Novice: 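Attaching a single structure in structure tokens format; questions to follow.
Keep in mind that the numbers below use all heavy atoms, side chains included, and drop hydrogens, waters and symmetry copies. The structure presented is a predicted model; accordingly, all values stated were derived computationally and were not measured.
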Amino acid sequence: MAWLTRFLTAVAFLAIGVVFSPETFGSKSDGQHSQLLLSSLKLAHLLCFSTAWGVALWVTFIGGIIMFKNLPRHQFGNLQSKMFPAYFSMVGVCCAVAVGSFGYLHPWKTSGSTEKYQLGFLLAAFAFNLSNLVIFTPMTIEMMKQRHKIEREVNIGEEVGWTKNQEVAKKNPKLAAMNKKFGMIHGLSSLANIFSFGSLALHSWYLAGKLNL
């Protein structure tokens with residue numbers, strides 16, 4: 001996944017450049033854009049935002065819960081460790097494109113407070129996803145592998161759904177300590193994911209106000 005991280009970083013720098021120096025990329029403060037360019041940017045923004053929103057909704061509230069309730073816990077964890085880097089990379093790239101296109105259409109110097117707030121929400125969604133991709137997810141995966149190793153030593157982890165971990169941890173200080181570390185990192189990752197989803201939700205409300213049905 002290293003190439004995805006590099007690609008995401010490149011897209012992020014491009015998006016930030018568009019936001020703070022749109023003239024460099026051909027944006028004109030007098031609004032003289034070609035109709036094709038405007039339509040293309042609006043389409044890119046809509047598609048990338050809707051993709052990020054839909055993927056985040058599914059992974060956070062639907063797919064993960066279904067897998068948790070139907071897969072052995074260690075199998076579930078191993079699957080999530082493969083899915084989450086791809087998930088955060090995809091949503092991060094989509095957020096970066098959404099930031100860039102929105103910043104191009106609404107240059108910071110000439111935008112009203114509403115558009116500036118919306119740009120802030122999109123940047124927040126991107127930042128939370130990036131923090132998950134490069135900080136919290138790698139730490140969570142490493143902690144999960146260590147906890148799985150301890151659990152296999154006491155023959156737990158293959159059950160489906162709710163774990164026997166807490167019961168065993170009462171008699172196993174090593175497992176209890178690992179649970180505490182894992183819980184803290186996983187909690188931060190989950191919190192960043194929820195904040196990202198919330199930021200996208202606020203932008204969806206803005207877009208809904210722009211529709212003319």
Side-chain angles (χ1 to χ4, degrees), residues 1-6 8-9 12 51-96 120-204:
M1 302 299 291
W3 70 272
L4 271 177
T5 304
R6 290 193 293 270
L8 178 56
T9 302
T51 298
W53 166 263
V55 171
L57 177 66
W58 175 263
V59 171
T60 304
F61 299 107
I62 302 173
I65 295 174
I66 292 174
M67 287 186 288
F68 175 76
K69 290 183 176 180
N70 291 276
L71 290 176
R73 193 164 53 80
H74 282 186
Q75 185 177 338
F76 166 74
N78 290 330
L79 178 60
Q80 293 289 75
S81 72
K82 303 298 182 183
M83 289 183 60
F84 276 137
Y87 161 59
F88 291 124
S89 295
M90 183 177 185
V91 175
V93 168
C94 287
C95 286
F121 292 140
L122 291 172
L123 283 169
F126 170 76
F128 285 126
N129 271 281
L130 186 64
S131 66
N132 248 324
L133 178 64
V134 302
I135 301 175
F136 298 131
T137 294
M139 294 175 67
T140 301
I141 292 173
E142 180 60 29
M143 291 289 182
M144 181 202 71
K145 291 179 178 179
Q146 294 179 24
R147 190 168 77 154
H148 281 188
K149 181 178 179 181
I150 297 173
E151 289 179 335
R152 282 193 293 268
E153 293 174 355
V154 292
N155 298 315
I156 61 173
E158 296 306 317
E159 64 277 5
V160 175
W162 296 107
T163 176
K164 299 177 181 177
N165 176 292
Q166 295 299 320
E167 181 181 345
V168 176
K170 294 177 181 178
K171 303 177 182 179
N172 190 319
K174 186 178 179 181
L175 180 58
M178 183 55 64
N179 284 345
K180 185 176 181 179
K181 293 180 182 179
F182 177 82
M184 181 182 66
I185 300 301
H186 185 265
L188 291 173
S189 177
S190 298
L191 192 62
N193 185 51
I194 290 297
F195 282 156
S196 173
F197 182 82
S199 298
L200 292 174
L202 290 170
H203 190 62
S204 71

Novice: Just verifying a value: how many Å separate E159 CD and K164 NZ, rounded to the nearest 0.5 Å?
Specialist: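 NZ of K164 is found 6.0 Å from CD of E159.
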Novice: Exactly one of I150, N172, V168 should register a side-chain contact (heavy atoms from CB on, under 4.5 Å) with I156. Which one does?
Specialist: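 Answer to the side-chain contact (heavy atoms from CB on, under 4.5 Å) test with I156 among I150, N172, V168: V168.
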Novice: Of all residues at least two apart in sequence or in a different chain, which pass the ring pair (Phe, Tyr, Trp, His ring centres under 6.0 Å) check with F195?
Specialist: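 Ring pair (Phe, Tyr, Trp, His ring centres under 6.0 Å) list for F195, sorted by chain: F128.
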Novice: Taking atom CE of M143 and atom NZ of K181, what is their separation to the nearest 0.5 Å?
Specialist: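 If I round to the nearest 0.5 Å, the distance is 5.5 Å.
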Novice: Distance from T137 atom OG1 to I185 atom CD1, nearest 0.5 Å?
Specialist: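 Taking OG1 in T137 and CD1 in I185, the distance rounds to 11.0 Å.
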Novice: Please give me the minimum heavy-atom distance between L133 and P138, naming the atom from each residue.
Specialist: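 Of all heavy-atom pairs spanning L133 and P138, the closest is O-CD, 3.4 Å.
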Novice: Do side-chain atoms of S199 reach the backbone of L122 as a donor and acceptor pair under 3.5 angstrom?
Specialist: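 Not a single qualifying donor-acceptor pair exists.
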Novice: How many angstroms lie between atom CD1 of I194 and atom OG of S196, to the nearest 0.5 angstrom?
Specialist: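 Separation between the atoms: 9.5 Å.
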Novice: Starting at CZ of R147, measure out to NE2 of H74 and round the result to the nearest 0.5 Å.
Specialist: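 With rounding to 0.5 Å, CZ (R147) is 7.5 Å from NE2 (H74).
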Novice: Which label fits W53 and F197: parallel for a plane angle under 30°, tilted from 30 to 60°, or perpendicular past 60°?
Specialist: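 The arrangement is parallel - the two ring planes meet at less than 30°.
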Novice: Which value, rounded to the nearest 0.5 Å, describes the distance between Q146 atom CD and I141 atom CD1?
Specialist: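 Interatomic distance, Q146 CD to I141 CD1, rounded to 0.5 Å: 12.5 Å.
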Novice: Within the 4.5 Å heavy-atom criterion, are N193 and Y87 side-chain neighbours or not?
Specialist: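 Counting from C-beta outward, N193 and Y87 do come under 4.5 Å.
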Novice: For S81 and N78, indicate whether the former's side chain and the latter's backbone hold a donor-acceptor pair under 3.5 Å.
Specialist: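 Checked: pair present.
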Novice: Find out whether N165 and R73 are in side-chain contact, i.e. whether some heavy atom of one side chain is under 4.5 Å from a heavy atom of the other.
Specialist: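 A side-chain contact under 4.5 Å exists here.
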Novice: Of all residues at least two apart in sequence or in a different chain, which pass the side chain to side chain contact (heavy atoms under 4.5 Å, CB included) check with L79?
Specialist: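 M67, L71, M83.
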Novice: For a quick test of reading the model, state the closest non-hydrogen atom pair linking P72 to V160 and the distance between them.
Specialist: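 Closest approach of P72 to V160, heavy atoms only: N-CG2, 3.8 Å.
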Novice: Determine whether M144 and Q80 satisfy the following criterion, side-chain contact (heavy atoms from CB on, under 4.5 Å), listing intermediate values before the conclusion.
Specialist: CA-CA 10 Å; M144 181 202 71; Q80 293 289 75; 6.0 Å; no
Novice: Can you check side-chain contact (heavy atoms from CB on, under 4.5 Å) on E153 and L175, steps first, answer last?
Specialist: CA-CA 10 Å; E153 293 174 355; L175 180 58; over 6 Å; no
Novice: For residues 163-193, which residue pairs pass the ring-ring contact (aromatic ring centres under 6.0 Å, His included) check, not counting sequence neighbours?
Specialist: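 The answer is F182-H186.
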Novice: Using the side-chain contact (heavy atoms from CB on, under 4.5 Å) rule, take L200 and C95 through it: C-alpha gap first, then chi angles, then the decisive distance, then the call.
Specialist: CA-CA 9 Å; L200 292 174; C95 286; 4.1 Å; yes
